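Reading through the structure tokens given below for one structure.
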Amino acid sequence: MSAAYAGIIINISHEKVDRAFTYKVPERLSNILRPGVCVRVPFGRGNNIRFGYCVALYASREDLPKDAVAEDKMKEILGIEQENLPAEAVMVQLAAWMKHTYGATMIQALKTVLPVSKKEKGQVKKTLRLNMNEEEARVYLLACERKNFKAKARLLTEMLRYPEGTFPYELMTKKLSVSAQTVNSLRNAGVISVLTDTVYRNPTFGKAAEKKNVTLSVEQRHIVDKVMQDFTEGKRGVSLLHGITGSGKTEVYIEIIKEVVQRGCQAIVLIPEIALTYQTLMRFYEHFNERVSVMNSSLSKGERFDQFERARKGEIDVIIGPRSALFTPFPKLGLIIIDEEHESSYKSETTPKYHAREAAKALSKIVPGGASIVLGSATPSVDSYARALAGEYALYTLTTRLTGGSLAEVTIADLREELRAGNRSIFSRALYEKLTQCLERKEQAMLFLNRRGIAGFVSCRACGYVFECPHCDVALSAHAGNRLLCHYCGYEARATRECPSCKSKYVSAFRAGTEQVEKEVLKIFPKARVLRMDADTTRTKGSYEEILTAFKEGEADILVGTQMIVKGHDFPNVTVMGILAADMSLYAADYMAAERTFELLTQAAGRAGRGTRKGEVVIQTYRPDHYSIQAAAAQDYLQFYQEEIAYRTALLYPPGAHMLAVQFLTRNEAYGVEAANKFRALLERSDGDNCVFIGPALASIGRINDVYRYVLYIKHKDAECLIRLKDVLEAHLETPAGEAAKRRIQVQFDLDPVRGY
Ligand code: ADP
Ligand code: ZN
Ligand code: ZN
């Protein structure tokens, strides 16, 4: 488009980003200016020359925002700044990509990629260090162990691995679950000192007590060499590293980072917040010391800004963190690693609803010279695996578990058969037997209640029949008044008392909580010590780590919990894992239900038998024949993948096609239906690409806080076709009619959603 005017944001790191200034575009630039481009402009009364970023283009006077300055007062852009693309310019281009792809205002996109404000002064950072020499500290540690002061012992043990080290206070207290009282008590006893500083001090470890240097296996070495060969030749593409937990993926990441850093580049490592455990962070610290920094969600915007400043100034080479660490403005970004790449937490839940994997790919093309991307997972997303098989990504596999411990022995318990045999307890006979033996052996067990997707599907307890939509292959959800609803197409039916399949009367909406499970356990095993972990028991800060630590230290025999318990942590004494209601997540009203089920079950199965003893896993299910359950029991990713990709391809779900979810939010139910249908009609009229339209239908939770939610799904092989339709709707919302509608209805876009609506 040829632009006559442009919206410019001035010098982002110092100014507020919520306002763009309008400038005239000189003739010679009108065809080359794009959003994200860095320009020089006269600014302020003195017309000082400042840098700015183009965020909007306008073809004519009529398109300008209402608050734009009058024509005669408007200044002109001086030129494009081409030298030394500053880090911000990279991020502004990424924001422009995000706006284009996912739908958002430029301001929303910019706020996503750029932390703007500097932190307030006077924020104090604390670090810990030993206040005695190593020998004295060891004596003190022994005394703590004898008195069973577990938290003190835990802290000292870790600090003694690096007797000369300084440790970040937060990392030690939060991740090791050590309370402030414990720290204070050790300080008062003169064992440790707490240093305070107004600048962020990075950990340093001095000489390590037990520095472990691994020699990469042949498999690992091969992967590192291939990735680095491509890197050196300037081929900065995507690699997918498929390997079970414990197969050595993290060592591969570390080695690749080292080599990339040696070549003068920096690296971003994305890890889901929940997997950012103390052990994982320490492994990176051990290798990169003060050249690595960690981001987490407890950082304020100002603190994020400070971290980013350090990256910009070249004070660090590596940053580790969840999704938003991707926006670290390194001067020469060369590598992005995304561990557990299948995790849905990589998709933003707020507008712009970007996926970190896609954003990383976009970013890698924007940064000068390009960046390599390494995706890693034990259960790769179907999307990534399909791309790898299609040759778009390089595929590498690590096949052996290096941590010792063989794969667990998995039993599938058919709950329909249990009922037929007169067993109405929540435990199958197999699980009951294994739990009894486990408790007798004084080992630990975990009970995982798969509560994902508890939209309330309705099933028959006798035969496992589930009420499903005749048009969509998803379970119907129960709504008030016996209504069953399909969230994909709006199909409606009534629940019957009697099972349509086996005529039994055991038809009901499935609901069960961890609390009920805990009660049942105590009823059946009154002597067992039980811990429970779910959204209720982890509400307060730090309680998540506390429960896990208590369990690890043997303070309970059985841990009952939701999916929180299957991630990350290692429990060497756990030999039995019971998976209750394994198929629950299959009936979530979205196309990724089977993928999520397979992931969860595979992870859960991997929890048992991590130590030297053999693990036993019981999967309790009404659908023992479902491929996601069969494949998880066999721990066979390929088997799962092949079934799943056939289903996605046949029904045009991602990656078989792209899918755009358009969500309409309104307080007025009748208006919502009418408006959503009008919008659909508008899009159908302008659809030149033969997209598939489904809905609008009420979302699975149709009303939240009196706001009704309708969803329209649109599918097409080419994402750009969907993006065009999104642009049509966005443009319509800027017209007078659209403006009027916007006062009553809010429209949100989600390209390739990973959750059901
Ligand atoms: P993953 O990231 O796939 O779960 P890790 O990289 O954490 O696997 O490796 C699992 C364990 O095996 C770790 O304790 C790690 O230090 C160790 N390990 C990994 N590679 C090697 C190797 N080549 N030699 C010896 N130990 C290794
Ligand atoms: Zn349907
Ligand atoms: Zn039945």
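Small disclaimer: the values here were computed from a predicted structure and weren't measured. The first residue in the sequence is number 1, and the count goes up from there. Atoms within a ligand are numbered from 1 in the order they appear, just like the ligands themselves.
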*Does ligand 1 have an atom under 4.0 Å from some heavy atom of Asp339?*
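The answer is no, since Asp339 has no heavy atom less than 4.0 Å from ligand 1.
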
*asked:* Under a 3.5 Å threshold, yes or no: a donor from one side chain and an acceptor from the other, between Ser504 and Glu498?
replied: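 No, no side-chain donor-acceptor pair sits under 3.5 Å.
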
_Less than 3.5 Å apart, any donor N or O on the side chain of Tyr253 or Lys258 sitting next to an acceptor on the other?_
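Their side chains do not contain a donor-acceptor pair, so the 3.5 Å distance test is not met.
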
_Assess whether a salt bridge exists between Glu343 and Arg596, defined as any Lys/Arg side-chain N lying under 4.0 Å from an Asp/Glu carboxylate O._
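Salt bridge absent between Glu343 and Arg596.
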
*Over 60° means perpendicular and under 30° means parallel, so classify the ring planes of Phe640 and Phe598, tilted if in between.*
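It falls in the parallel class, under 30°.
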
Can you list the ligand 1 atoms lying under 4.0 Å from a non-hydrogen atom of [X]?
X: Thr245; answer: 4 (O)
X: Val214; answer: 22 (C), 24 (N), 25 (C), 26 (N), 27 (C)
X: Ile244; answer: 3 (O)
X: Ser217; answer: 23 (N)

*Answer yes or no: is there a side-chain heavy-atom contact under 4.5 Å between Leu484 and Val458?*
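They are in contact (side-chain heavy atoms under 4.5 Å apart), so the answer is yes.
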
Is there at least one pair of N or O atoms, one from [X] and one from ligand 1, spaced under 3.5 Å apart?
X: Gly248; answer: yes
X: Thr215; answer: yes
X: Gly243; answer: no

_OH (Tyr278) with more than 12 external heavy atoms under 6.0 Å_ =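 Check passes, neighbour count above 12.
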
*Looking at Tyr622, does the NZ or CZ of Arg461 lie under 6.0 angstrom from its six-membered ring centre and within 45 degrees of the ring axis?*
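No, Arg461 and Tyr622 do not form such a contact.
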
*Taking Arg154 for the side chain and Ser177 for the main chain, is one N or O donor matched with an acceptor at less than 3.5 Å?*
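Answer holds: yes.
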
_Any side-chain to backbone donor/acceptor pair from Ser384 onto Ser381? Under 3.5 Å, distance only._
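Looks like no, no N/O pair under 3.5 Å.
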
*Spell out the protein N/O/S atoms under 2.8 Å from the Zn ion (ligand 3) as residue plus atom name.*
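Listed by chain and number, the atoms are Cys460 SG, Cys463 SG, Cys499 SG, Cys502 SG.
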
*Shortest non-hydrogen contact from Leu447 to Ile565?*
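Minimum heavy-atom separation between Leu447 and Ile565: O-CD1, 3.5 Å.
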
*Could you pull out all residues at least two apart from Thr602 that satisfy side chain to side chain donor-acceptor pair (under 3.5 Å)?*
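Once residues adjacent in sequence are excluded, Thr602 has no partner under the side chain to side chain donor-acceptor pair (under 3.5 Å) criterion.
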
*So which bit of Val252 gets within less than 4.0 Å of ligand 1, heavy atoms only: side chain, backbone, both or neither?*
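Neither part.
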
*Shortest reach to atom 7 (O) of ligand 1 by a heavy atom, considering only Lys249, Glu251, Glu340, Arg283*: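 Going through Lys249, Glu251, Glu340, Arg283 one by one, Arg283 has the nearest heavy atom to atom 7 (O) of ligand 1.
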
